[in-house]
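First the structure, in the form of structure tokens, and then the observations on it.
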Amino acid sequence: MTHVDARGLLCPLPVLRLRKALMAVAPGDQVVMVASDPMAVVDVPHFCGQSGHAMVAQRDLGNGAFEFTVQRGRSVPPATGGPTPEDI
């Protein structure tokens with residue numbers, strides 16, 4: 001399982017780091033990300049819904065950080081190689 005530490009990063013960086021990690025694993029694999037940006041609790045589920053990934057778990061770690069477990073869907077990166085508005 002891949003882990004991403006996005007503590008201290010602000011929107012949109014946690015989602016961009018998560019996206020990069022998801023593109024590096026096979027469909028069906030999971031990525032765990034820890035983020036301290038309060039907007040991540042909104043941004044990560046939205047990103048998953050828009051990108052075809054599954055939010056497996058989300059929990060408050062109690063120290064200002066949140067842990068997200070995301071399973072990669074069958075999405076592919078855009079042909080341009082950069083994130084699209086739907087990815088963020």
Completion exercise
residues 59-68 vs side-chain hydrogen bond (donor to acceptor under 3.5 Å, both in side chains), sequence neighbours excluded, gives Arg59-Glu67

Practice task
Find the distance between CG (Asp43) and CG (Leu13) and round it off to the nearest 0.5 Å.
Solution key: 11.0 Å

Fill in the blank from the handout: Gly73 and Pro27 have their tightest heavy-atom pair at O-CB, 3.6 Å

Fill in the blank from the handout: When every non-hydrogen atom of Cys11 is compared with those of Pro14, the smallest separation belongs to N-CD, 3.9 Å

Exercise for the section: Hydrophobic side-chain clustering at under 4.5 Å (ILVMFWY, transitive links): who's grouped with Leu61? Put none if nobody. Expected result: Val34

Problem - Residues clustered with Val32, ILVMFWY side-chain links under 4.5 angstrom - result: Met1

Problem - Residue pair Val44, Met55: steps toward the side-chain contact (heavy atoms from CB on, under 4.5 Å) verdict - result: CA-CA 8 Å; Val44 172; Met55 174 74 74; 3.4 Å; yes

Problem - N/O donor-acceptor pair under 3.5 Å between Ser36 side chain and Gly8 backbone - result: yes

Problem - Any pair counted as salt bridge (Lys or Arg N to Asp or Glu O under 4.0 Å), so long as it reaches residues 6-18, sequence neighbours left out - result: Asp5-Arg7

Handout entry: Under the side chain to side chain contact (heavy atoms under 4.5 Å, CB included) test, residues paired with Pro38 that sit two or more places apart
Key = none

Handout entry: Contacts of Val41 that satisfy side chain to side chain contact (heavy atoms under 4.5 Å, CB included) - sequence neighbours left out
Key = Gln58, Phe66, Phe68

Exercise for the section: For Arg72 and Met23, run side-chain contact (heavy atoms from CB on, under 4.5 Å): C-alpha distance rounded to whole Å, both residues' side-chain angles, the deciding distance at 0.1 Å, then the answer. Expected result: CA-CA 8 Å; Arg72 181 179 171 183; Met23 292 300 106; 4.1 Å; yes

Practice task
Please report the C-alpha distance between Leu22 and Phe47 in whole Å, then the side-chain angles of each, then the deciding distance to 0.1 Å, and finally whether the side-chain contact (heavy atoms from CB on, under 4.5 Å) criterion is met.
Solution key: CA-CA 12 Å; Leu22 286 165; Phe47 162 74; 3.7 Å; yes

Exercise for the section: Check whether any side-chain heavy atom of Leu9 sits under 4.5 Å from a side-chain heavy atom of Asp37, and report yes or no. Expected result: no

Handout entry: Any side-chain heavy-atom pair of Val70 and Met33 under 4.5 Å
Key = no

Handout entry: Hydrophobic cluster identity match, Leu10 and Val4, side-chain contacts under 4.5 Å
Key = no

Practice task
Please report the C-alpha distance between His3 and Val31 in whole Å, then the side-chain angles of each, then the deciding distance to 0.1 Å, and finally whether the side-chain contact (heavy atoms from CB on, under 4.5 Å) criterion is met.
Solution key: CA-CA 6 Å; His3 290 77; Val31 172; over 6 Å; no

